[in-house]
Structure formats: structure tokens, C-alpha cells
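Have a look at the structure below before the remarks.
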Amino acid sequence: MRIATWNVNSLRSRIDRVEALLDRHDIDVLALQETKAREDQLPLMGLQAREYEVAAAGFNQWNGVALISRVGLDDIEIGFPGMPGWGEPVAPEARAIGATCGGVRVWSLYIPNGRKPDDPHYRYKLDWLSRLREAAHAWQDRPTALVGDWNICPTDDDVFDAAQFRNSTHVTPAERGAFQAFLDDGWSEVTRAHAPGFTYWDYYRQRFERDRGLKIDFVLGSPTFAERVTGAFIDREERAGQGASDHAPVVVDVA
DNA sequence: ATGGTCGGTCACCGA
């Protein structure tokens, strides 16, 4: 089974690219972030006709996430117990959608950006991660993948210029500690060993052309998921074209 | 320290 994650930066503006990506890499499950679509702007054109099911959450112009699957999309959950806004009817800040696809529990996650370390949103980010980790304890005993845009660079190698980011989010000890806490709990980041390199490049200053990016899109697997991973790659070609998202898709193969 | 470029309830805000 092939699972991919992609911060698509607006699903409507890139629906053709999404469909092409599914075909090009023969993807079974695609997790999307920053869908930027309202509920009435779904369903997504030709996907159903191609035997993919779609589930989405976070219907606003920033935070939306979605799952597209042709191997089942069962027991869909919007958010998780403890998530800010969980249980509210609309949950516009959902940022997380989970479903069982082909026997694997897949969570599409869009971790809060944090904006600036002195911004209240930074606290919100750390709190959100803490609550996710608590909820994730209950998911570790079965094949589970926490995929998406983590908005954290776990090491200095994951930033094109660590010095430039010294006073920025994504690299602070607290954020790295929050990421490490998942690993300490037994989650494994399964893409890095197969797919080094950045996954995100800012649109401006020709950051992609100069490969000045960040590695912030990750797949964290439970033990029974991680042991089944046979490979992974970053689709840099998708980022290279005109009209690309600022993130590249990350693809993982599972036996 | 600023600004650069995207997308969208579009001329501001969030990334």
C-alpha cells in the first residue's frame, strides 16, 4: 500500500495536480493539509468517479485537512479527544482527520504554525501538540500513521540556515521537545531514512531553485506500522512546476 | 530589521 501526504495549499486551485499525483504515483491513500475549502466546495470533482473516497474537516480558508482513499475510509473521526474545539458541531480548527484505510489508521494532521515565539499562537501550537500526543497513546497498539505538516524542524539539518531561524518558530527547543516526545513514546519517523532533504520551500526569493527549504512534513508510525515501511520519497518534481504548492508530496510504501 | 510571494470570506491576513 502506498500512502502520501501533501500540504496542497488550496485544494480547489490544485485539484488537477492532486488527480495527476494520484495517477503518477499510483497512490492508495493521500492525506492533504491546507485544503482551504468550505464544506460546500466539496466533493471534489472527478475523484469519486475514479473510485476514491474523500473525507475532509476544518472548513475554512486556512486549516483544512482531508483524506482521499481507494482502499476504504472507515471510522472517520474529526479531531481527537482533548483537541481544542473537540466535540463542537463545526470544529473549524479541526486540523486533524483520521480514518482506517486498508487496515491502517491514517491521521492527516496540520500542526499549528505558531507564527512567532511571542505570539499566543505559539503557545496554542505547543498545547495542541501536547493534547495530540495524549490522544495518540490510545492509537499505538495498532498500525497507525500520523502524517502531515508538523511545522517543526527537528534538527538543524532540517533548516537551510539555522542561524537565520534562531529567533523563529519551527526550531525552538520547546517545539523540538514536543516532536521528540512522540519519538520517546514509541512513534518512529519513517521517511527520513529513505528520503533525506527538504519538503517545503517558501515561494519568495527563489527558495526552491536554491534549495533553501525546511523539512517539516513527516510520517510518524506506530511500531506495527513502522516495521512495515519499505521505502519513501519526496516528490520534488511536483514542487518545481509553475503553480506548485510550496510543499512537496511525501510518499511512503507499506508492505 | 525588512521584505519577498502565494491563496482566499481578497486589498488584508495567514502562511
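By convention in this document, chain letters (A, B, ...) are assigned in the order of the sequence lines, proteins followed by strands, and residues within each chain are numbered from 1.
Comment: A:D158 engages A:R192 in a salt bridge, judged by a side-chain N to carboxylate O separation of less than 4.0 angstrom. In this structure, A:R131 pairs ionically with A:D127, as a charged nitrogen and a carboxylate oxygen lie closer than 4.0 Å.
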Sequence neighbours left out, cut at 3.5 Å: what donor-acceptor pairs do the side chains of residues 159-169 of chain A make with other protein atoms?
residue	atom	partner	partner atom	Å
A:D161	OD1	A:A163	N	3.1
A:D161	OD1	A:Q164	N	3.3

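With both ends at atom C1', the span from B:dC10 to B:dT5 equals 15 Å, rounded to whole Å. Spacing between B:dG14 and B:dT9 at atom P, rounded to whole Å, works out to 15 Å. Taking atom P on both nucleotides, B:dC6 is separated from B:dA1 by 26 Å, rounded to a whole Å. For B:dG7 and B:dT2, the P atoms lie 27 Å apart once the distance is rounded to whole Å. Distance noted for atom C1' between B:dA15 and B:dG3: 15 Å (whole Å).
Nucleotide B:dC6 holds its C1' atom 18 Å from the CD atom of A:Q33, rounded to whole Å. In this structure, the CZ atom of A:F165 is 15 Å from the P atom of B:dA15, given to the nearest Å. Remark: P of B:dA1 and CG of A:D118 are 12 Å apart, rounded to the nearest angstrom. With rounding to whole Å, A:D246 atom CG is found 12 Å from B:dG8 atom P. Taking atom CZ on A:F59 and atom P on B:dG7, their separation rounds to 22 Å, with Å as the unit.
The stretch residues 147-158 of chain A has no heavy atom under 4.0 angstrom from DNA chain B at all. At a non-hydrogen distance threshold of 4.0 Å, A:Y203, A:Y204, A:R205 from residues 198-220 of chain A come into contact with DNA chain B.
Of the N and O atoms on the side chains of A:S245 and A:E34, not one donor lies less than 3.5 Å from an acceptor on the other residue. Defined by atom type and a distance below 3.5 Å, a donor-acceptor pair is present between the side-chain atoms of A:D217 and A:T199. A:T191 and A:E189 share a donor-acceptor pair across their side chains, judged by distance under 3.5 Å alone. Under 3.5 Å, the side chains of A:N151 and A:K125 contain no donor-acceptor pair of N or O atoms.
Mapping A:H121 and A:T35 onto DNA chain B by nearest heavy atom places A:T35 at the nucleotide closer to the 5' end. Sequence order on DNA chain B of the closest nucleotides to A:H247 and A:S10 puts A:S10 first from the 5' end.
In this structure A:R2 satisfies the salt bridge (Lys or Arg N to Asp or Glu O under 4.0 Å) test together with A:D253, sequence neighbours excluded. Residues satisfying the salt bridge (Lys or Arg N to Asp or Glu O under 4.0 Å) test with A:D157, not counting sequence neighbours, are none.
For A:E237, the CD atom counts as loosely surrounded, since its 6.0 Å shell holds 12 or fewer non-hydrogen atoms of other residues, nucleotides or ligands.
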Starting from the C-alpha separation in whole Å, work towards a yes-or-no answer on side-chain contact (heavy atoms from CB on, under 4.5 Å) for A:F218 and A:F179.
CA-CA 11 Å; A:F218 296 106; A:F179 190 89; 3.9 Å; yes
Sugar-phosphate or base contact per nucleotide [nucleotides 9-14 of chain B; S, B, -; heavy atom under 4.0 Å]:
B----S
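Using a 30° and 60° split on the angle between ring planes, A:W139 and A:W107 fall in the parallel class, below 30°.
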